[in-house]
J.: 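Below you'll find the structure I mean.
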Amino acid sequence: MKAIVFHEHGDTDKLALEEIPEPALGPNDCLIRVRAAGCNYNDIWARRGLPGVKIILPHVSGSDAAGEVIATGAEVQTVKDGDRVLVHPGLSCRICEACTSGNEVFCREFKIWGFQTGPNDGGYAEVARLPEVNLIPMPESLSFEEAASLPLVLETAWRMLVTRARIAPGQFVLIWGAAGGLGVMAIQICRLFNAIPIAVVSSAKKAELVARLGAAHVIDRKTEDLPARVREITDRRGVDIVFEHVGEATWEQSVAVLKWGGTLVVCGATTGFEARTDLRFLWNKQQNHLGSHLGTKAELLAALRFVETGQIKPVIDKVFPLAEAAAAQARIESDEAEGKLILVP
Ligand code: NDP
């Protein structure tokens, strides 16, 4: 089969379309013919190499995929050939205390498929292998491209806002990177809970998109004074929740615009991990600073119900042929993307 492979870390020129063997099928696994694969920032971290995270080489990236089942292992019971499925990318042992209590993200063996798996085990390929438990029937209204655009960012944003920050009606939520993969999901989740999304973007074009998705307020971080706008919008109270994944570049502003007793929830650090916190904000303002990582299958299933009702919509920036994965990743890295980039084998 054809797949996009890298053998060493570096820039997008390390990505090559290669012929590699189809994955071997274990008793609890299924093979899917990938009709569409989603690109994520994780794919870029993996290609560049990330201190403290083991990236197995040679590597096929891709943690989001949608397609048709073409083979099932001997023990598989709930999935059959021809089923149209999307992927939940969290792999865990399914046996330990964390897994059996619904906290698979705390499993010691927890891995993100296509990021921490390998060699050559991800969605940028014609065929992908996943355990049965990681396959979810595709909502009927979705195309393969739409289905592949959802899982990783949808379950991550859902866990951040619903499970961790316990979003509630009427709350102001500041969303960094609101036109990005996570951001477009976060805006729609806020609307679902009757919260008030304040979307941060860096261009007029992105501002249009987030307004269409339901942002109540839009701040252009390049041209506006963000803390002043937040004071004005919230009547000087500050926001109830900050949705963080930018890291070093935004952390101090995130802490400063959060209200007394507010919640900052973070799942990533695109601009760097060494963020500085003035601890006086933490104790005087009694803020909650929460970490969050991916999501559980149950969280993805909960969120997908609102995809089925049309209350959460996929947002696709561009669809590329699989062979042009490098161009898709370059578009993410240059901060041009509005929503998700999709690859079609
Ligand atoms: P995208 O590239 O789709 O979006 C990132 C957004 O960040 C951009 O749209 C940009 O918005 C904004 N941004 C970039 N630089 C800056 C800056 N200096 N200041 C303010 N905003 C900035 O990425 P994703 O939404 O898919 O992912 C974001 C991060 O979250 C990544 O680091 C990713 O690895 C992490 N992540 C972690 C997960 C987990 O499970 N732990 C899961 C998913 C993602 P604009 O320029 O318009 O302001």
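Order of appearance sets the numbers: ligands from 1, and atoms from 1 within every ligand.
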J.: Between Y41 and ligand 1, is there a nitrogen or oxygen pair with a distance under 3.5 Å?
T.: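 Y41 vs ligand 1: no N/O contact under 3.5 Å.
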J.: Select one of side chain, backbone, both or neither to describe which atoms of T156 lie under 4.0 Å from any atom of ligand 1, heavy atoms only.
T.: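 Side chain only; the backbone of T156 stays clear of ligand 1.
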J.: Tell me whether R164 forms a cation-pi arrangement with F106, defined as NZ or CZ under 6.0 Å from the six-membered ring centre and within 45 degrees of its axis.
T.: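 Ring-cation test returns no.
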J.: Any side-chain heavy atom of L343 sitting closer than 4.5 Å to one from C39?
T.: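 The answer is yes, as the side chains (C-beta and beyond) meet within the 4.5 Å cut-off.
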J.: Any nitrogen or oxygen of L294, side chain or backbone, less than 3.5 Å from one on ligand 1?
T.: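 L294 vs ligand 1: N/O contact under 3.5 Å present.
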J.: Distance to the ring centre below 6.0 angstrom and angle to the axis at most 45 degrees; does that hold for R47 and W45?
T.: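 Judged by the rule, R47 and W45 form no cation-pi pair.
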J.: Could you see which bit of D335 sits under 4.0 Å from ligand 1, with heavy atoms only: side chain, backbone, both or neither?
T.: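 Contact part for D335 vs ligand 1: side chain (C-beta onward).
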J.: For F306 and L304, run side chain to side chain contact (heavy atoms under 4.5 Å, CB included): C-alpha distance rounded to whole Å, both residues' side-chain angles, the deciding distance at 0.1 Å, then the answer.
T.: CA-CA 5 Å; F306 299 99; L304 283 171; over 6 Å; no
J.: Select one of side chain, backbone, both or neither to describe which atoms of R221 lie under 4.0 Å from any atom of ligand 1, heavy atoms only.
T.: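 Near ligand 1, R221 shows its side chain, while the N, CA, C and O stay back.
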J.: For ligand 1, which part of S202 has a heavy atom less than 4.0 Å away: the side chain, the backbone, both, or neither?
T.: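 Both parts.
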J.: Specify side chain, backbone, both or neither for K206, according to which of its non-hydrogen atoms lie closer than 4.0 Å to ligand 1.
T.: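 K206 to ligand 1: side-chain contact only, backbone stays beyond 4.0 Å.
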J.: Give the intermediate values and the outcome of side-chain hydrogen bond (donor to acceptor under 3.5 Å, both in side chains) for residues N288 and T263.
T.: CA-CA 5 Å; N288 309 294; T263 298; 3.3 Å; yes
J.: Under 4.0 Å from any heavy atom of G177, which atoms of ligand 1 are there?
T.: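 So the answer, numbered in order with elements, is 6 (C), 7 (O), 11 (O), 12 (C).
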J.: Between T250 and Q253, is a side-chain hydrogen bond (donor to acceptor under 3.5 Å, both in side chains) present by the stated rule, with each step listed?
T.: CA-CA 5 Å; T250 51; Q253 283 190 67; over 6 Å; no
J.: Report yes or no: does N40 have a heavy atom closer than 4.0 Å to ligand 1?
T.: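 In this structure, N40 fails to qualify as a contact of ligand 1 - no heavy atom is under 4.0 Å.
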J.: Please list, in number order, the atoms of ligand 1 under 4.0 Å from a heavy atom of L152.
T.: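 That gives atoms 42 (C), 43 (C) of ligand 1.
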J.: Give the atom numbers and elements of ligand 1 that come within less than 4.0 Å of a heavy atom of H245.
T.: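 Listed by number with element: 7 (O), 28 (C), 29 (C), 30 (O).
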J.: Kindly confirm or rule out a cation-pi arrangement of R84 over F144, judged by NZ or CZ under 6.0 Å from the six-membered ring centre and within 45° of its axis?
T.: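 Yes - R84 lies over the ring of F144, closer than 6.0 Å to its centre and within 45° of its axis.
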J.: So, is G181 polar-close to ligand 1, with some N/O to N/O distance under 3.5 Å?
T.: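 Such a contact does occur with ligand 1.
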J.: Does R331 pair with D317 as a salt bridge, N-O distance under 4.0 Å?
T.: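 Yes, this pair counts.
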J.: Judging by distance only, is a nitrogen or oxygen of I112 under 3.5 angstrom from one on ligand 1?
T.: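 N/O-N/O distance below 3.5 Å does not exist for this pair.
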